**Student:** 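Submitted below is the structure of interest, expressed as structure tokens.
Computed from a predicted model, the values in this text were never measured in an experiment.
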Protein chains: 2
Amino acid sequence: MCGVSTQTVSRVINGRPDVSPETRRSVEAVIAATGFQPSAVARSLVHRRSQTLGVVLAGLRYFGVAQTLNGITDEAQASDYGVLLKEIDTDDTVNIVPVIEFLIAHRVEGIIFAVPQIGTNIATVRAQLPTTSPPIVFLKSEASSTFSTIAIDNAGGARQATAHLLTSGRRRIGHLAGPPRWKEADDRQDGWRAALDDAGVEPGPVAQGNWSSASGSAALDRLLELDPELDGLFVANDQMALGLLHAAHERGIGIPSDIAIVGFDGLDEGAHFTPSLTTVVQPLRELGELGVREVIARASEEQGKAMVRSLTLATELVVRESAPQPAVTEPAVTGKRIAATASAETVDIR
Amino acid sequence: MCGVSTQTVSRVINGRPDVSPETRRSVEAVIAATGFQPSAVARSLVHRRSQTLGVVLAGLRYFGVAQTLNGITDEAQASDYGVLLKEIDTDDTVNIVPVIEFLIAHRVEGIIFAVPQIGTNIATVRAQLPTTSPPIVFLKSEASSTFSTIAIDNAGGARQATAHLLTSGRRRIGHLAGPPRWKEADDRQDGWRAALDDAGVEPGPVAQGNWSSASGSAALDRLLELDPELDGLFVANDQMALGLLHAAHERGIGIPSDIAIVGFDGLDEGAHFTPSLTTVVQPLRELGELGVREVIARASEEQGKAMVRSLTLATELVVRESAPQPAVTEPAVTGKRIAATASAETVDIR
DNA sequence: TTGAAAGCGCTAACAT
DNA sequence: ATGTTAGCGCTTTCAA
């Protein structure tokens, strides 16, 4: 209060028209001089709007999560929202409730749940949710009739990867899967199997890794033991594929001459593996962006008609040296991108 | 108000002792039934404490930042703080002011600034800071007499990497540097040069990349053009080293037989490059953790004695195939870790 | 064009 | 052991 009432100051800050230019100037001068910053906290209290989104994350150490977070922060920024971040352990369903409660206590206007689905962890969370909560969007998890979800078409991408191996003439096609109970891992394995079934080709050997390069490295011997004739391999992520490439090189196994390899993720680095990696690219950044848009859309509609949407994003195959384009139709094109079929559905309820 | 006053409810929620067991139970029952969640916003307002830290990040797409964020969220969680996240473009000094103002408006109790120093961007920020602001800790930037900083000993790590190349008998040692104006890139280059100076060895050729694998790939030819006799190379980060490895393989250049390569970062994947990569590991997770501790420490001391600390964290050399341990003293040990000298100083002012 | 009053949801201090 | 009063910093409503 340097001459005028708090009211007038409020009007100046919010750029209301009904302030005399003179008063406005003097108030602005004082604000600049004192370095005064209006309290968003107090504002939130009266508006009952925090302009903040809650984000629950797991496995920032895995490739992709950072990219998704990138998309989230960008889109949130663009929509004038802040991001309140909570990181949890990948499989820690126990501690999820306090995390959600923390976010609700801070009155976030929506929650983006970017935790990979392992077993039934998502169902567990959904079951434990407080009766009253802001809209929640689940990323990378199975569709639900009560919550919006945005998924990536893992099965479709896997199918496309496997089809590519078949097209290039491979017939003993194995799979290096992700860890047990991860839905993403299961979906990719399902897609691999479906593509083989479609083609009437007997499924090759399956081994399981834990997403790490080390586990990929270790898997090669196991797979070759199961089938020494192995000539194609669909690997559930790029990091494991890197390990495999390394192990193959050590054992003098030619990639792709002996075994063609397709990865999954779309690491930029894949282009510089030795040999460069054919892989399925996930639109992870887009996943984050859409998550933010969806949760804001849900938050801004009236309470009555709770709308729910389930989206599935398509992947894209990038062909490189580790599983080149078959020469029959055209010469191998490095980095050629082939979009998988997209699928998107919308479900309204109530 | 379901029988009692708001005051009593407050007491129950905060677990105060002076509530009769009977009242407590009935209040708890109502809370459970209604799914009531106390508003942290209102609490912040009255306490003038938000229990929230602001984090400004850039380049989440680069390796390492995710790891640092990991450390930050973990430590914040452990200290019962929330994290309000803002991501900016790497070199965007213009938009930093609104970001800081946003965080101050939300009354964060401290700010962790995890943006790599490019040119004088840090100085710019410091100059533009509002007169009154919560404590700010700058990560990975040069020391300051007015703000706490936590850095990584890039020069020391680079020195150690280069010394390792010298020890293994290399004499034409080049450097693939990071992009211009990045302090981290400059420090690493300085360390490389210093090690050569110490040994009285003429510096080899220098090329510049942009941290990406692609730029590493492209740099090999340039370096060989500058010096066809090149037999050792210190690369400013692991991703560029990956590209180099790939390019060398394509040209039939033996690593390490023709050229020994040492990277910088400590990507886990480096162990599975072909050949596996000798590299300098940065304690990035620790960087984030220490940042949080430091900013909380600064926030919780009285206004009067503003204390400032500047810390430098040591790196560690991991020896792998791309630049093995010289055979003269002992056989190459894969993954052998050698700690660099640490340096840490504390400065109090006022 | 400006100010006064009331209240957002909570807690500290005091009173009962 | 519980209630009352006041106020955190802002905005909305109404009055001047």
**Student:** Rounded to whole angstroms, how far apart are CD1 on B:Ile13 and P on C:dC10?
**Tutor:**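 To the nearest whole Å, that distance equals 7 Å.
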
**Student:** Do the side-chain N and O atoms of A:Gln117 and A:Lys140 include a donor-acceptor pair separated by under 3.5 angstrom?
**Tutor:**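 On atom types as modelled, these side chains do not qualify, holding no pair under 3.5 Å.
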
**Student:** Would you give the length of the straight line joining atom NZ of B:Lys86 to atom CG of B:Leu57, rounded to the nearest 0.5 angstrom?
**Tutor:**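 Rounded to the nearest 0.5 Å, the NZ-CG separation comes to 12.5 Å.
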
**Student:** Does a side-chain N or O from B:Arg16 land closer than 4.0 Å to OP1 or OP2 of C:dT11, or not?
**Tutor:**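 For C:dT11, neither OP1 nor OP2 has a side-chain N or O of B:Arg16 closer than 4.0 Å.
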
**Student:** In terms of side-chain heavy atoms, does A:Asp80 have a donor or acceptor partner in A:Gln51 at a distance below 3.5 Å?
**Tutor:**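 No - no donor-acceptor pair under 3.5 Å links their side chains.
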
**Student:** Can we say A:Glu301 and A:Arg298 salt-bridge, meaning some charged N sits less than 4.0 Å from an Asp/Glu carboxylate O?
**Tutor:**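 Yes.
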
**Student:** Could you tell me how far apart A:Gln7 (CD) and C:dT2 (P) are, to the nearest whole angstrom?
**Tutor:**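 Taking CD of A:Gln7 and P of C:dT2, I get 11 Å after rounding.
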
**Student:** Between A:Ser44 and A:Ala42 (side chain of the first, backbone of the second, donor and acceptor by atom type, cut-off under 3.5 Å), is there such a pair?
**Tutor:**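 Here the side-chain-to-backbone pair does not exist.
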
**Student:** Whole angstroms only, please: what is the CD-C1' distance between A:Glu22 and C:dT2?
**Tutor:**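 Spelled out: CD on A:Glu22 to C1' on C:dT2 is 13 Å.
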
**Student:** Check DNA chain C against residues 39-47 of chain A and give the residues with a non-hydrogen atom under 4.0 Å, in numerical order.
**Tutor:**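 Contacts with DNA chain C under 4.0 Å: A:Leu45, A:Val46.
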
**Student:** Does a side chain donor of either A:Ser310 or A:Thr149 reach within less than 3.5 Å of an acceptor in the other side chain?
**Tutor:**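 Checked: A:Ser310/A:Thr149 side chains pair up, N/O donor to acceptor below 3.5 Å.
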
**Student:** Does the side chain of B:Asn14 pick up a donor-acceptor pair with the side chain of B:Arg43 at under 3.5 Å?
**Tutor:**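 On atom types as modelled, these side chains qualify, holding a pair under 3.5 Å.
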
**Student:** Just the rounded figure in Å: distance from P of C:dT1 to CZ of A:Arg25.
**Tutor:**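 A:Arg25 atom CZ is separated from C:dT1 atom P by 14 Å.
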
**Student:** Of the candidate nucleotides C:dT11, C:dC10, C:dA4, which contains the atom at the shortest distance from the side chain of B:Ser10?
**Tutor:**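 Of the options given, the side chain of B:Ser10 lies nearest C:dT11.
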
**Student:** Which two nucleotides bound the region of DNA chain D that has atoms under 4.0 Å from heavy atoms of chain B, read 5' to 3'?
**Tutor:**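 The footprint of chain B covers D:dA1 to D:dG9.
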
**Student:** Looking only at atom types and distance, does a side-chain atom of A:Ser148 sit under 3.5 Å from a main-chain N or O of A:Val137, one as donor and one as acceptor?
**Tutor:**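 Not at all, since once roles are kept as given, no pair shorter than 3.5 Å links the two residues.
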
**Student:** If you look at every strand shown and take non-hydrogen atoms under 4.0 Å, does B:Arg49 touch a base, only sugar-phosphate, or nothing?
**Tutor:**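 Touches nothing.
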
**Student:** Under 3.5 Å, is there a donor-acceptor pair between the B:Ser26 and B:Thr23 side chains?
**Tutor:**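 B:Thr23 and B:Ser26 do not have a side-chain donor-acceptor pair below 3.5 Å.
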
**Student:** Give one of base, sugar-phosphate or nothing for A:Arg24, where a contact means two heavy atoms less than 4.0 Å apart.
**Tutor:**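 Here A:Arg24 touches no strand at all.
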
**Student:** In this structure, how many angstroms lie between the C1' atom of C:dT1 and the CZ atom of A:Arg11, rounded?
**Tutor:**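 Value for this atom pair: 8 Å.
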
**Student:** OP1 or OP2 of C:dA4 versus the side-chain N and O atoms of A:Ser5: is any pair under 4.0 Å?
**Tutor:**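 So the side-chain polar atoms of A:Ser5 never come under 4.0 Å of the phosphate oxygens OP1 or OP2 of C:dA4.
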
